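This report refers to the structure that appears directly beneath it.
Remember, predicted model here, so these are calculated numbers, not experimental data. Below, chain A is the first sequence line, B the second, and so on; all start at residue 1.
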Amino acid sequence: MIPSLLILIPVIAGLASLFIQNEKAAKGWALVASLATLCLAVAGACSHRVTELQADASWLPALGSRFSLSMDGMAKMLVLLNAVALPLAIGATYKNSYEKSGSFYGLLLLMQAGMMGVFLASDALLFYFFWELALIPAYFLSSKWGGEKRIQATFKFFVYTFAGSLLMLVGILYLYFKTPEHSFAIQAFYNLHLSDSEQFFAFWLFFIAFAIKIPIFPFHTWQPDAYEQSPTVVTMLLSGVMVKMGIYAVIRWLLPVFPAAVARYDHLVILLSVIGILYASLIAIRQDDMKRLIAYSSIAHLGLMAAALFAKQQVGIQGVMIQMFNHGVNVIGLWIVADAIEKQTGTRKFSQLGGLAQKAPGLAILFVIMAFANVALPLTNAFIGEFMMFNGLFRHSIWMAAIACISIILAAVYTLGMVQKVFYGNTAPATDHSVDSSLNIKLMLAILVIIIIALGVYPQPMLQLTNDTVNAVLAKIHSI
Amino acid sequence: MNNLVYLIPLFPLAGFLINGLFRKSLNKPLIGIIGSGAILASFVVSLVLFFQVKSNGALPVEALFSFINVHDFKIDFAFQVDQLSSIFLLIITGIGFLIHVYSTSYMHDEPTEHFGRYFAYLNLFVFSMLLLVMGANFVIMFIGWEGVGLCSYLLIGFWFKNNNYNYAAKKAFVMNRIGDLGFLLAVFWLLAKVGTVNYHDVFTAESLAKLTPTDITAITLLLFVGAAGKSAQIPLYTWLPDAMAGPTPVSALIHAATMVTAGIYMIARSNVLYSLAHVTQNVIAIIGIATALLAATIALKQNDIKKVLAYSTVSQLGYMFLGLGVGAYTGAVFHVMTHAFFKALLFLGAGSVIHAAGGEQDIRKMGGLKKYMPYTHLTFLVGCIAIAGMPPFSGFFSKDEILAAAYARSPILWGLGVLGAAMTAFYMFRLYATTFLGSFRGTHDQEHHLHESPAAMTIPLVVLAFLSVIGGAVGVPEALHGHHELHHFLSPVLTTEVAPELGHSTEYGLMAVSVVLALAALLFALNKFSKKPELGEPTGFGKVLANKWYIDELYDAVIVNPLLKFADFLKNVVEKSGIDGIVNGVGRFVQYLSRQLRLLQSGQVGNYILFMVLSIVVLFLVFWNQAIILQFLQKVF
């Protein structure tokens, strides 16, 4: 019941929004719809009744695919993230105006619906369907409402993700033909007994698709461009929620289905991830553009999640779980600030900014807290995740953990550099006439700060939420 | 359930929240009262707990809640007040309170909003520092550890319009993070091998049996990396002198009395492990004495009153590590305590001088302040005598204890330590004489402005001076017919030194040599600089010292700049031309291909039918020979 509604509400609201002409009405409609989804997501996260958390209906019987959804701990958490992200994003950009806003907000809602479906689907074909459903609105949003170089950026985004999707589709069909009853059901995939060589081959079809999404080095270069050029609301959803589809898919589809291949390639994947962490961190240090810096910082953080996943330790995977949520809310906070600054000063270049703390003290304080969450200071939410992930990685390989850990130093360098160049020092011509941000922005940031501290001090409920998924996945991995 | 334990960090936390959130609506006196009162309340509770510990031994561990609890991975948010932490609690809250009071006057010219921000940060610092010493496991210690780093960052860059200060703040945080990396890895190591980070569980024979000697060496070395970052030891010390950009009371509290001694606390806390790791002990002793000497040589030629004190702090911290390295854990903690008294005193005295001189920090533009500032002068002199190690002032006893233990390990370490002590006496009295003796060398306006500081500043000075004089009484060695009460008090948590007992006559000899040498250096400096202060720019070797051995330049040239160049290479070459080049190439190839394919769409129905038939044949083949094709693909991959 709840899973179907979680998809239906944004779909219906999104389709309806396409016909709204008035800008204010479109905004209000989208906000109300997203808040309704949020309430439902909270209800779902608190529910323990299996009947409420599952849905199953006939869909394409000829193909052996059913419309089946289910909501375990990991799904609950990501649904929650997805449901929190949209109202925050809309709320923080409430004063921005977009051409054809009916279509704009409609596509946002459809994107949200697609991502909901990805997190809830327990049928491979349905999963693929939602995967694409999430992507297509994103292409349109970026190419129509994006920045100056939006066409190139969207093209790159499209090439990358389309290539990934295609490989994944081949992989899904391959597994489908392997199932004795020709079914797309996730349980059928889990029950497959693939030989080692079959696994080694099919692993890559899925892995590349997910590696592009996460992204794992060297499949990442679509991200900075897409984040920079997309309208900031879209960027918030892309980096806050959509990249989690990659991590999610690895946990849901890759690790349990191909345990032998994972055991064989885990070192390689961890090596790539760790290279990516340092690579992205170093590049972040040399950015002059606030959005690109945040993009590379995000790549580094996602790299750590990937590494911790493939280390296959309970504590590490648990850390990845909570970090998916944490990274989502934290990065949205950073984008909110980046957008607020760009809207006020007309620039995102550090070389043209400075001294904003004098002009916008409220924004400065909130941003500094966000920044310290970005460097995973203890008692912020990110510390919990990173601490557990590093632990998991350490149990797998001391050296990989030690090298990956260098990123905590680099993160301090680029994050504090950003704080300094934007907020401290003397004002620049671009910031001379700035004023403190409007109430809606500060309110959204304050909500985020409360989440950051609350989860940083008392993470246990969130950790317990995803316990079931972690145990199930580990049982599958170690079943070989 | 001992609820008093929670109150200690709760007061400063409340103070931080009140002053932080309502700083715009409160007035300055109220902000000062809330800020100082919170620390005073913590001090009173700490005192009560101290006497409980003194009479009944360590208090039981108090678990507030389960912080992270996953499968076999269990970390509690728990506090522990034992002998060691109770000493640190008294130092932190006691000196912290005095410095808060001092700050109400020192920061009085700040606008109310920033005044409130200052006290909020200061309370947050004390809160973090309390977590650090009260935590019952390494993770809670780490939370405090990074928390104090945060506050240090915020307070160094307190005047954030000045970008030099911001760079100093960032440098401090980043260099501390390098140390934190070591700390974290040590924690991971412990968790992986022992499965717990609770002090109570780690330091048991059962847990230690799970660790190989390599494990112990690695863990202790990694922890020491953390300590070297926080406590400014070679090679991570260069942030501390730059940290003097912060307001002077901050330098006194954070960068002299409390935060920088966290590394000593950490190693003393883990003394069970360190006593089993002789390699690490030797490394610590060598780094300690090397830092003590290096920083002392730099201090000889500094002209900024705060820089002299900063290098002096680095040097004194080196002594504490020397003590830890030779197994004199009590001696190190003792020196933490006495150093907290006299160094806080000296910094606050310097603050009083800077306040009077209208922000001037260059001692070459001071001189003759004795007659304008009697309290500041007298208390500063007491601080100088105490740090120079003259009996019966406090510094003498703690430094002597470390040096005696060093002698028992190796006479060379002792000799170098005495050399450093002589240099300490020399640069401190150079500072004293140049600042307070002779005649005033500043402008006429400055001279007119000179005045003694208000009572809120001088009373803390007097209290600290008193403590600097008598503070050594708790650690009088038996050779001098004392009982060394501190030693007895700490003995349940600190392993007894394994060093062979020195005879009393040897101890007398060692004391005599170090005191006589230091006294000679002291008198020489006093005599030299009261008559003719060093006013010019240094030349020759003095220039190398004045430029801090060019260590900062060396780091830039060897580490920072190559790293930035490498990052540029990654950004401009690997990312842009390399990976992106390939991706865009593929994209363009596809575009090219589609342009060619478009030609197929000729509009002739015949062609379309041909393609349809062909496609169906291909599809048919594919499904028919599925297995064969898949086998082929598997071979390819």
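Interface summary for chain B: among Asn426(A), Leu463(A), Asn467(A), Leu377(A), the most heavy-atom pairs under 4.5 angstrom belong to Leu377(A). Heavy-atom pairs under 4.5 Å with chain B were tallied for Phe383(A), Phe390(A), Phe394(A); the largest tally goes to Phe394(A). Among Asp180(B), Val187(B), Val174(B), Asn69(B), the residue with the largest count of heavy-atom pairs under 4.5 Å with chain A is Asn69(B). The candidate from Trp159(B), Phe77(B), Phe160(B), Phe142(B) with the greatest count of non-hydrogen atom pairs under 4.5 Å with chain A is Phe160(B). The candidate from Val159(A), Val375(A), Ile285(A), Asn471(A) with the greatest count of non-hydrogen atom pairs under 4.5 Å with chain B is Val375(A). Taking chain A as the reference chain and counting heavy-atom pairs below 4.5 Å, the highest number among Leu150(B), Asn162(B), Asn176(B) is found for Leu150(B). The greatest number of non-hydrogen atom pairs below 4.5 Å with chain B, out of Gly355(A), Ala402(A), Pro224(A), Pro361(A), is found for Ala402(A). Taking Asn391(A), Ile398(A), Leu379(A), Val457(A) one by one and counting their heavy-atom pairs under 4.5 Å with chain B, the maximum is reached by Asn391(A). Most heavy-atom pairs under 4.5 Å with chain B: of the set Trp222(A), Phe423(A), Phe155(A), this distinction falls to Phe155(A). The most heavy-atom pairs under 4.5 Å with chain A, out of Leu181(B), Ile75(B), Val574(B), come from Leu181(B). Taking chain A as the reference chain and counting heavy-atom pairs below 4.5 Å, the highest number among Lys171(B), Arg177(B), Glu146(B) is found for Arg177(B).
Taking the ring centroids of Phe387(A) and Phe67(B), they lie at or beyond the 6.0 Å cut-off.
With a threshold of 4.5 angstrom between heavy atoms, Trp189(B) approaches chain A through its backbone and through its side chain. Neither the backbone nor the side chain of Phe158(A) has a heavy atom closer than 4.5 Å to any heavy atom of chain B. Both the backbone and the side chain of Ile408(A) come within contact range of chain B, judged by heavy atoms closer than 4.5 Å. Contacts of Val470(A) with chain B are absent, with no heavy-atom separation under 4.5 Å from either backbone or side chain. Of the atoms belonging to Tyr167(B), heavy atoms from both backbone and side chain fall under 4.5 Å from chain A. Contact annotation for Leu416(A): both backbone and side-chain heavy atoms come within less than 4.5 Å of a heavy atom of chain B. The part of Gln318(A) that comes within reach of chain B is its side chain, from C-beta onward, which places non-hydrogen atoms under 4.5 angstrom from that chain. For Gln313(A), no part lies under 4.5 angstrom from a heavy atom of chain B. Contact annotation for Ala364(A): neither backbone nor side-chain heavy atoms come within less than 4.5 Å of a heavy atom of chain B. Heavy atoms closer than 4.5 Å to chain A are found in the side chain of Asp72(B), but not in its backbone. Contact of Leu393(A) with chain B is not made at all, since no heavy-atom distance falls under 4.5 Å. Contacts of Leu570(B) with chain A are made by both backbone and side-chain atoms, with heavy-atom separations under 4.5 Å.
In this structure, CG on Asn166(B) lies 12.0 Å from NZ on Lys421(A), to the nearest 0.5 angstrom. In this structure, SG in Cys405(A) is found 5.5 Å from CG in Leu184(B), a value given to the nearest 0.5 Å. Atom-to-atom distance recorded for Tyr424(A):OH and Tyr165(B):OH is 15.5 Å, nearest 0.5 angstrom. Between atom CD1 of residue Ile365(A) and atom CZ of residue Arg117(B) there is a gap of 8.0 Å, rounded to the nearest 0.5 Å.
With a 6.0 Å radius and a threshold of 12 heavy atoms from other residues, nucleotides or ligands, Lys210(B) has its NZ atom above the threshold. Other residues, nucleotides and ligands place no more than 12 heavy atoms under 6.0 Å from the CZ atom of Phe162(A). Residue Lys359(A) qualifies as enclosed at atom NZ: its count of foreign heavy atoms under 6.0 Å is above 12. Phe566(B) CZ: 12 or fewer foreign heavy atoms inside a 6.0 Å radius.
Applying the salt bridge (Lys or Arg N to Asp or Glu O under 4.0 Å) rule to Lys156(A) yields the partners Asp225(A), Asp580(B); only residues at least two apart in sequence or on another chain are considered. For Phe158(B), the ring-ring contact (aromatic ring centres under 6.0 Å, His included) criterion is met by Tyr118(B), not counting sequence neighbours.
At a threshold of 4.5 Å between non-hydrogen side-chain atoms, the residues Leu282(A) and Phe569(B) do not count as touching. Here the side chains of Ile178(B) and Ile409(A) are in contact, with some heavy-atom distance below 4.5 Å. Considering only heavy atoms from C-beta on, Asn163(B) comes within 4.5 Å of Gln420(A) through its side chain.
Lys571(B) places a side-chain N or O within donor-acceptor distance of the main-chain N or O of Arg286(A), the cut-off being under 3.5 Å.
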